[in-house]
Amino acid sequence: YIIGFTGYFSAKARRLYISSALRNAGDRALEWHIVPRENPAADFPSDFELVHIRLASPSSLLTLEDHPYIKRVTPQRKVFRKLKYVP
């Protein structure tokens with residue numbers, strides 16, 4: 001999932017906001033982790049985080065969206081495109 005925040009926050013703050021929201025979901029069996037970013041921009045504040053949530057329930061996603069610093073939660077989609085060649 002792509003978690004969008006209301007502003008630019010450090011990686012530590014984003015992790016705390018996500019873990020706080022998911023702790024309040026009350027689902028102890030919920031498995032999640034933040035997908036690490038391996039690029040130079042990862043050291044700077046960001047307004048989004050990629051999170052892998054295994055078997056996410058609608059209630060846990062709504063709990064995430066209810067956090068005051070989380071703006072939106074959207075599923076990540078893989079897009080495949082092909083260029084059409086016209087002679």
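What's counted below: heavy atoms across the whole structure, side chains too, no hydrogens, waters or symmetry copies.
- Within the 4.5 Å cutoff, side-chain heavy atoms of W32 are placed close to those of S19.
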Discussion item. I'd like to know whether I18 forms a side chain to side chain contact (heavy atoms under 4.5 Å, CB included) with V51, so could you lay out the CA-CA distance, the side-chain angles of the two residues, the decisive distance to 0.1 Å, and finally the verdict.
Written reply: CA-CA 9 Å; I18 293 168; V51 178; 3.7 Å; yes
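- Of the inter-residue distances, the one linking I34 atom CD1 with R14 atom CZ reads 7.5 Å to the nearest 0.5 angstrom.
- Between atom CD1 of residue I2 and atom CZ of residue R77 there is a gap of 8.5 Å, rounded to the nearest 0.5 Å.
- A ring pair (Phe, Tyr, Trp, His ring centres under 6.0 Å) with F9 holds for exactly one of F48, Y17, F44; it is Y17.
- Going from atom CG of L22 over to atom NE2 of H67 covers 10.0 Å, rounded to the nearest 0.5 Å.
- Taking both residues in full, the closest heavy atoms of T63 and A21 are given as CG2-O, 3.1 Å, listed atom of the first, atom of the second, then distance.
- To the nearest 0.5 angstrom, L50 atom CG is 13.5 Å from Y1 atom OH.
- Considering CG of L64 and CZ of R72, their distance stands at 13.5 Å, rounded to 0.5 Å.
- Among all heavy-atom pairs drawn from P68 and T6, the shortest one is O-CG2, 3.8 Å.
- Salt-bridge check for E49 with R37: passed, with a basic side-chain N closer than 4.0 Å to an acidic carboxylate O.
- Nearest heavy atom pair, residue P45 against residue Y8, reads O-CD2, 3.7 Å.
- The CD1 atom of I3 sits 12.5 Å away from the CG atom of D47 when rounded to the nearest 0.5 Å.
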